[in-house]
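Note sheet for the following structure.
All values below were derived from every heavy atom in this structure, side-chain atoms included, with hydrogens, water molecules and symmetry-related copies excluded. Convention: sequence-line order gives letters A, B, ...; per-chain numbering from 1.
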Amino acid sequence: MYAKVIVDVPAKQTNRAFDYAVPKELRSWVEVGSRVGVPFGPRVLQGFVVGLSNETDVDPKRLKPIGHVLDLVPPLTAELVSLGRWIARMYLCHEVTALQAMLPAALKAKYERVITVGEESAEHPLLHMSDVQEIVQFVRGKATLTMEGLMERFPGRDAFLKELLQAGVLAEVQMVKDRMATKKALTVFPPKDLSVLEAALPELPARANKQMAVLRYLMEHPHAIRLTELIEMIEISASTVKSLAERGWIELREVEVMRDPYAGRSFKRTTPLTLTEEQSRVFAPIKAAVAEDRHEVFLLHGVTGSGKTEVYLQSIQQALDMGKEAIVLVPEISLTPQMVERFKGRFGDQVAVLHSRLSNGERYDEWRKITRKQVKVVIGARSAIFAPFTQIGLIIIDEEHESSYKQEESPKYHTREVAVQRAKGHNAAVVLGSATPSLETLELTRRRRDRAKPPFTLLTMTERVASRPMPPVTIVDMREELKTGNRSMFSRPLYKAIEERLHKKEQIVLLLNRRGYATFVMCRTCGYVAQCPHCDISLTYHQSSRMLRCHYCGYAEREVTQCPSCQSEHIRHFGTGTQRVEEELSKIFPGIRVIRMDVDTTSEKGSHEKWLSLFRDKQADVLLGTQMVAKGLDFPDVTLVGVIAADTVLNIPDFRSAERTFQLLTQVAGRAGRHEKQGEVFVQTYTPDHYSIQHASRHDYTAFANQELDVRANLGYPPYQRLILVTFTHEQLSLLVRMAEAFVTRLKEIARPYMTRQTDLFTPVVTDEEFFHMDVLGPVASPISRIKDRYRFQCVVKYRGDDVASDIVSQTVAWFEERSAKEKLTVSVDVDPQYLM
DNA sequence: AGCACGCCGACT
DNA sequence: GTCGGCGTGCTC
């Protein structure tokens with residue numbers, strides 16, 4: 001029996017399976033998806049079994065055996081192994097990188113070099129020296145001894161120890177270990193035969209009250225109990241229990257326990273609500289697909305507050321009734337305790353929760369509930385799509401338009417695409433929910449040109465639960481404000497509205513999608529702008545620390561009061577950030593209580609929730625922040641939402657900026673007036689006529705989508721053509737340009753034979769189309785042309801039709817790396833990029 | 001990624 | 001004459 005193993009070396013040359021012999025004693029343990037320790041060259045590495053076979057092409061003499069199996073239950077399934085292969089090919093990463101991304105960080109291999117007694121040491125002449133014997137004895141007695149530990153024990157003998165290693169008396173072995181151990185807890189076990197305890201009672205001295213209490217408790221509750229719990233329960237100390245254990249009446253031993261981040265919290269059980277007419281209408285086809293074990297993708301387009309979550313909950317119930325499992329994905333930011341409560345409340349301990357705020361250990365334990373089949377529902381952020389379920393009936397992606405579903409590091413996968421790929425294999429239904437669906441998803445619900453059935457099914461909910469109206473949105477033209485002499489960041493209508501709320505003791509949400517104090521610092525005499533010395537980007541002034549910071553590389557310098565270029569003192573701050581708004585608010589409205597939420601105030605673990613609960617408790621009048629205040633929050637007393645500058649997103653040079661502006665405005669508008677009190681929204685802008693702002697103010701998604709789709713078709717952007725972004729970086733600009741140009745030339749050459757015809761570029765993309773067309777834009781300097789002293793060039797590959805674009809780029813990269821190997825030039829490929837930067 | 005093997009400059 | 005620079009190539 002041979003195993004095909006992918007080893008833990010993410011490099012081009014090792015990006016293939018290596019064959020290993022499976023020793024007899026490991027046969028029943030080695031499966032596709034097993035994590036194993038294998039000898040690789042001179043060391044031992046972690047690897048993943050991706051295949052088993054009775055044949056091998058390798059000379060059997062060169063085959064090495066698998067060293068050991070790392071888990072009792074394989075952490076991956078055969079399905080996930082093949083999904084990994086698909087991800088590696090689709091998103092151009094090493095296969096091991098894709099597999100690694102599916103596992104919790106706790107299972108990332110840790111390599112340790114351990115000193116052992118060498119194999120040839122038995123009759124070594126050196127062994128007759130007495131101090132060598134002492135050293136060998138010491139090494140024998142330790143299971144995991146590092147070289148450092150050995151040198152510590154025998155100080156000043158480094159050279160001699162090295163000699164022993166070279167002579168083979170001692171040996172250094174590399175070990176694969178898990179990063180995370182399972183947690184153990186001392187547990188008390190009463191004897192099976194309770195009469196033992198009864199017999200023990202009279203044996204105790206009369207004043208051993210505590211010990212007697214323990215025995216009596218165990219007689220009444222004859223089951224295993226955690227030592228810590230017992231101690232708390234009957235107010236004793238650990239030594240009391242230990243002395244009982246020493247006399248053999250009870251048993252005390254370590255038992256593996258799960259770290260439960262939600263331990264001690266009880267969730268109020270909820271029962272399915274009666275669906276509204278609209279909810280029932282969209283639920284019916286989802287229910288049917290799940291009940292019939294049929295793969296179908298639904299886009300659930302429902303306005304904010306239309307009750308999508310209840311539809312999710314009842315769809316999951318349907319999957320559970322079928323004996324199937326369900327995965328629920330939400331953006332990291334909206335995975336709040338309230339969100340978790342809704343799912344735990346309905347499905348109790350059948351739910352595992354996976355998100356980045358768990359510690360590695362907690363996350364590992366939640367994840368193990370899945371492999372142990374203790375849960376049927378997983379709710380989590382992006383990576384929860386890899387939950388090792390085997391019977392998936394339903395995958396839900398809430399807020400499917402969120403760009404955080406695209407992983408920015410390798411593997412640069414899109415969760416939505418992976419979800420559909422997984423669901424196909426399981427015959428599972430997929431529900432993509434959003435109030436502002438991405439245009440890619442929307443497009444797939446529309447009829448094809450030849451009237452074929454669209455790939456996705458559109459379900460729409462237009463009514464808010466309890467028919468609360470959408471809040472009216474007022475667009476404020478900031479140019480007019482300026483003309484009439486208002487130079488502050490608050491327009492008069494917004495100012496009045498804030499004043500009014502403060503008076504009425506109602507709450508306010510203010511959005512400004514820019515952190516820091518000022519976006520750039522300029523000298524008004526000579527025009528000098530403070531720039532990062534390592535990146536081609538202006539520095540942002542942070543008031544609290546009085547520093548100028550680069551948001552790309554973290555570079556920081558002291559605030560300047562004199563122009564470094566002309567010595568003038570007319571240094572001024574331009575552009576507005578959240579810090580500046582905060583300062584201005586307290587100036588204009590003395591005594592106003594403001595909570596500022598941006599990455600600078602929420603980096604600490606748990607701070608996000610802390611601010612939100614402060615605001616919920618009405619400890620503040622204003623919640624001011626970047627886009628994180630726009631997402632999913634629900635506060636009954638918020639009646640005013642103000643967008644300080646709608647143009648910040650719109651002016652980013654990216655083809656999705658209109659879409660992002662529309663989404664952001666729609667989401668933040670949804671924060672106002674969700675309960676009894678009527679809400680109101682003010683949007684300040686210098687471009688009041690832009691269609692994204694106009695349509696958002698009328699809550700008209702369809703009108704926006706249709707207009708934006710026209711723009712995309714004309715420019716050949718997604719969803720009509722798909723994109724691959726290739727970025728090159730190097731310290732030296734001239735070499736970079738030359739190489740990038742060579743890459744593009746070669747890419748076009750490789751693509752040419754695949755191209756079939758050049759028609760039809762403006763009808764919707766269908767992935768199984770039979771033709772293929774590709775265009776390459778660039779190379780050009782990236783929008784941020786230098787980061788950390790490295791210049792950046794990029795080219796954008798636009799293609800549509802048959803799914804060979806990844807392969808073409810992959811071939812080009814392989815060719816390119818061969819001839820640029822010595823240049824330290826890096827190429828990075830992003831398939832379906834979310835930002836063209 | 002490591003690590004060994006291997007072919008050319010500055011030193012005991 | 002040797003030590004060591006890191007270019008090239010391999011790992012079942």
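To the nearest angstrom, P of B:dA1 lies 10 Å from CD of A:E817. Note: CG (A:L52) to P (C:dC12) measures 19 Å, nearest angstrom. The distance from atom CG of A:L45 to atom C1' of C:dC10 is 13 Å, rounded to the nearest whole Å. One atom, CZ of A:F40, and another, C1' of B:dC3, lie 12 Å apart when rounded to the nearest Å. Between the CZ atom of A:R16 and the C1' atom of C:dG9 there is a distance of 13 Å, rounded to whole Å. As rounded to whole Å, 10 Å separates atom P of B:dA1 from atom CD of A:Q13. One atom, CZ of A:R43, and another, P of B:dA1, lie 11 Å apart when rounded to the nearest Å. Whole-Å rounding puts the A:D59 CG to C:dC12 P distance at 12 Å.
The environment of A:W29 atom CH2 is sparse: at most 12 non-hydrogen atoms of other residues, nucleotides or ligands sit within 6.0 angstrom. Surrounding CD of A:E731 are at most 12 heavy atoms belonging to other residues, nucleotides or ligands under 6.0 Å away.
Judged by the 6.0 Å and 45° rule, A:R16 forms a cation-pi pair with A:F18. Seen from the ring of A:Y364, A:R368 counts as a face-on cation partner, given the 6.0 Å and 45° thresholds.
Look at A:E95 and A:R89 and you find no salt bridge, because none of the NZ, NE, NH1 or NH2 atoms lies under 4.0 Å from a carboxylate O. The pair A:K406-A:D832 does not meet the salt-bridge criterion, since no charged nitrogen lies less than 4.0 angstrom from a carboxylate oxygen. A salt bridge between A:E134 and A:R153 is present, with a side-chain N of the basic residue lying under 4.0 Å from a carboxylate O of the acidic one. Using a 4.0 Å cut-off between charged nitrogen and carboxylate oxygen, A:R363 and A:E366 do not count as a salt-bridge pair.
In DNA chain C, consecutive stretches of 3 or more Watson-Crick or G-U wobble pairs with both distances under 3.5 Å are given as paired ranges: B:1-11 with C:1-11.
Here A:R62 does not reach the OP1 or OP2 of C:dC12: none of its side-chain N or O atoms lies under 4.0 Å away.
Scanning residues 27-34 of chain A for heavy-atom distances under 4.0 Å to DNA chain C yields an empty list. Residues from residues 85-93 of chain A placing a heavy atom under 4.0 Å of any atom in DNA chain C do not occur.
Looking at heavy-atom distances under 4.0 Å, A:Y20 makes contact with sugar-phosphate atoms alone, never a base.
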Check against side-chain contact (heavy atoms from CB on, under 4.5 Å), A:S806 and A:L92: CA-CA 7 Å; A:S806 283; A:L92 277 74; 3.7 Å; yes
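For the residue pair A:V50 and A:A17, the shortest heavy atom distance occurs at CG2-CB, 4.1 Å.
Remark: aromatic rings of A:F728 and A:F743 are close, center separation under 6.0 Å.
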